Chemist: 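After the C-alpha cells below, expect a handful of questions from me.
Numbers here simply count residues along the sequence, with the first being 1. Predicted, not measured: the structure shown is a model, and the values here were computed from it.
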Amino acid sequence: MTSSHLQSEPREYSIRVGGKAVIIRDDKVLLVKYDDENGPHYNCLGGGHLSGETIRETVAREVLEETAAEVEVGDLLLVLESLPFKPDPSFGPVHHLLLFFECTLKPGSEPRFPDAPDPNQTEVEWIPYSELANTRVFPDIARELETALTGARPVYIEEGRW
C-alpha cells in the first residue's frame with residue numbers, strides 16, 4: 001500500500017455561523033418558546049448569519065425578527081462549536097459555530113411576540129435566570145453562561161460538553 005492510500009481524502013464542508021443574543025433584565029433572561037418536533041422548549045435568541053452582514057448585525061436582525069425589539073450588541077460571551085464529524089452530533093450533519101453576545105435593549109424597545117413569527121414560535125418570555133439550568137433550552141448553555149457573565153470571557157464550548 002502506498003503512502004497516498006494511507007492518507008484520507010480531504011473533506012469538503014462548510015461551517016454554518018450563527019449569532020446569538022443574551023439579554024438579561026431583572027435577573028431574567030429573554031428566550032423564545034417553540035413547539036416543534038422536539039416538543040415544547042426555549043431557544044436562545046438569534047440565528048444564521050447572512051452574506052453581507054457582520055455577526056453583530058446578524059444578532060440585531062435576528063432579535064428584531066424574533067422579538068420585535070431592537071438591541072445594542074455588546075461583548076462576546078460564548079463560542080459554541082458543534083462538530084458533525086464527531087459521534088452523535090447535536091446539530092446533525094452541519095458544522096455549526098455559534099457566537100453568543102451580551103445585548104441590551106435600546107431605550108423604548110420592549111420585546112413582544114412578532115407580527116411574522118416562525119411557524120413553530122409560540123411565545124417570547126423572560127425566564128428567571130435562577131431557573132435556566134432546569135428549563136429546556138436549546139442549546140443548553142446555563143452553566144457556561146453563568147461563567148461568562150461572571151467575567152471569564154469568552155467561554156468556548158465544544159460539542160459533547162453541553
Side-chain angles (χ1 to χ4, degrees), residues 11-25 27-71 73 76-103 105 109-149 154-162:
R11 289 188 185 192
E12 287 191 33
Y13 63 90
S14 62
I15 297 176
R16 178 78 172 132
V17 176
K20 298 286 190 172
V22 176
I23 304 170
I24 297 177
R25 178 172 75 185
D27 295 322
K28 295 178 182 177
V29 63
L30 187 63
L31 298 173
V32 178
K33 189 170 186 181
Y34 288 86
D35 195 351
D36 57 20
E37 66 276 0
N38 296 307
H41 64 278
Y42 293 90
N43 281 9
C44 297
L45 303 172
H49 174 264
L50 298 178
S51 179
E53 66 185 7
T54 68
I55 196 67
R56 290 180 190 288
E57 290 169 338
T58 298
V59 172
R61 175 184 51 78
E62 288 286 344
V63 171
L64 185 63
E65 289 175 6
E66 294 176 350
T67 71
E70 294 184 59
V71 294
V73 180
L76 179 65
L77 293 172
L78 299 171
V79 176
L80 185 150
E81 184 175 18
S82 172
L83 310 171
F85 38 85
K86 296 266 186 160
D88 190 30
S90 299
F91 283 102
V94 179
H95 190 169
H96 279 83
L97 186 65
L98 301 177
L99 305 170
F100 291 76
F101 291 86
E102 188 171 21
C103 296
L105 295 169
S109 189
E110 191 60 34
R112 63 173 175 79
F113 196 75
D115 294 333
D118 179 283
N120 297 313
Q121 184 177 347
T122 60
E123 293 181 51
V124 173
E125 199 171 324
W126 291 99
I127 302 296
Y129 187 73
S130 60
E131 295 176 19
L132 195 58
N134 298 318
T135 302
R136 191 167 183 227
V137 179
F138 296 150
D140 180 10
I141 59 163
R143 182 182 59 203
E144 291 82 3
L145 182 58
E146 184 175 349
T147 300
L149 289 169
V155 172
Y156 173 77
I157 310 163
E158 185 175 299
E159 179 182 45
R161 290 221 343 99
W162 49 275

Chemist: Taking all heavy atoms of Ala69 and all of Val63, pick out the closest pair and write down the distance.
Modeler: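 Between these two residues, the closest heavy atoms are O-CG1, 3.6 Å.
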
Chemist: State which residues pass side-chain hydrogen bond (donor to acceptor under 3.5 Å, both in side chains) with Asp115; sequence neighbours excluded, sorted by chain then number.
Modeler: Arg112

Chemist: Do you see a donor-acceptor pair shorter than 3.5 Å between the side chains of Glu57 and His49?
Modeler: no

Chemist: Quick one: does Glu65's side chain get under 4.5 Å of Asp118's, heavy atoms only?
Modeler: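 Not touching, per the 4.5 Å side-chain cut-off.
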
Chemist: Measure the shortest side-chain to side-chain distance between Glu125 and Ile127 over non-hydrogen atoms and say whether it is less than 4.5 angstrom.
Modeler: yes

Chemist: Could you tell me how the ring of His41 sits relative to the ring of Phe138: parallel (under 30°), tilted (30 to 60°) or perpendicular (over 60°)?
Modeler: tilted

Chemist: Has the side chain of Gln121 got a donor or acceptor atom that lies under 3.5 Å from a matching backbone atom of Glu66?
Modeler: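 A pair under 3.5 Å: yes.
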
Chemist: Could you tell me if the side chain of Pro111 sits less than 4.5 Å from the side chain of Leu105, heavy atoms only?
Modeler: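 A side-chain contact exists here, since the closest heavy-atom pair is under 4.5 Å.
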
Chemist: Does the side chain of Val124 come within less than 4.5 Å of Pro114's, by heavy atoms?
Modeler: yes

Chemist: Say you draw a straight line from CZ of Phe101 to CD1 of Ile23; how long is it, rounded to the nearest 0.5 Å?
Modeler: 13.5 Å

Chemist: Rounded to the nearest 0.5 Å, what separation is found between the CG atom of Leu77 and the CD atom of Glu102?
Modeler: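 If I round to the nearest 0.5 Å, the distance is 5.0 Å.
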
Chemist: Is there a side-chain contact between Arg136 and Asn38, using heavy atoms and a 4.5 Å cut-off?
Modeler: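 The answer is yes; the side chains approach within 4.5 Å.
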
Chemist: Rounded to the nearest 0.5 Å, how far does OG1 of Thr58 lie from CG of Leu99?
Modeler: 9.5 Å

Chemist: Once you round to the nearest 0.5 Å, how far does CD of Glu131 lie from NZ of Lys28?
Modeler: 9.0 Å

Chemist: Might you work through the side-chain contact (heavy atoms from CB on, under 4.5 Å) test for Glu144 and Leu80, ending with a clear yes or no?
Modeler: CA-CA 10 Å; Glu144 291 82 3; Leu80 185 150; over 6 Å; no

Chemist: Is there side-chain contact between Leu31 and Leu132, with heavy atoms separated by less than 4.5 Å?
Modeler: yes

Chemist: Do Val137 and Cys44 pass the side-chain contact (heavy atoms from CB on, under 4.5 Å) test, and can you show the C-alpha distance, the side-chain angles, and the key distance before you say yes or no?
Modeler: CA-CA 7 Å; Val137 179; Cys44 297; 3.9 Å; yes

Chemist: Identify the heavy atoms of Arg16 and Gly48 that sit nearest to each other, and give their distance.
Modeler: NH2-CA, 3.4 Å

Chemist: Sequence neighbours excluded, which residues qualify as ring pair (Phe, Tyr, Trp, His ring centres under 6.0 Å) partners of Phe113?
Modeler: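 Applying ring pair (Phe, Tyr, Trp, His ring centres under 6.0 Å) to Phe113 gives none.
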
Chemist: State the CG-CG distance between Leu64 and Leu45, to the nearest 0.5 angstrom.
Modeler: 11.5 Å

Chemist: I want to check something: taking the side chain as every heavy atom from C-beta on, are Ser109 and Val71 in contact at a cut-off of under 4.5 Å?
Modeler: no

Chemist: Considering only heavy atoms from C-beta outward, does the side chain of Cys103 approach that of Val59 to under 4.5 Å?
Modeler: yes

Chemist: Which pair of heavy atoms, one from Leu76 and one from Leu78, lies closest together, and at what distance?
Modeler: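 So the two residues come closest at CD1-O, 3.6 Å.
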
Chemist: Run Leu50 and Arg61 through side-chain contact (heavy atoms from CB on, under 4.5 Å) and show every step you take.
Modeler: CA-CA 10 Å; Leu50 298 178; Arg61 175 184 51 78; 3.4 Å; yes

Chemist: Just how far is it from atom OH of Tyr42 to atom OG1 of Thr135, taken to the nearest 0.5 Å?
Modeler: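 Between Tyr42 OH and Thr135 OG1, I get 7.0 Å after rounding to 0.5 Å.
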
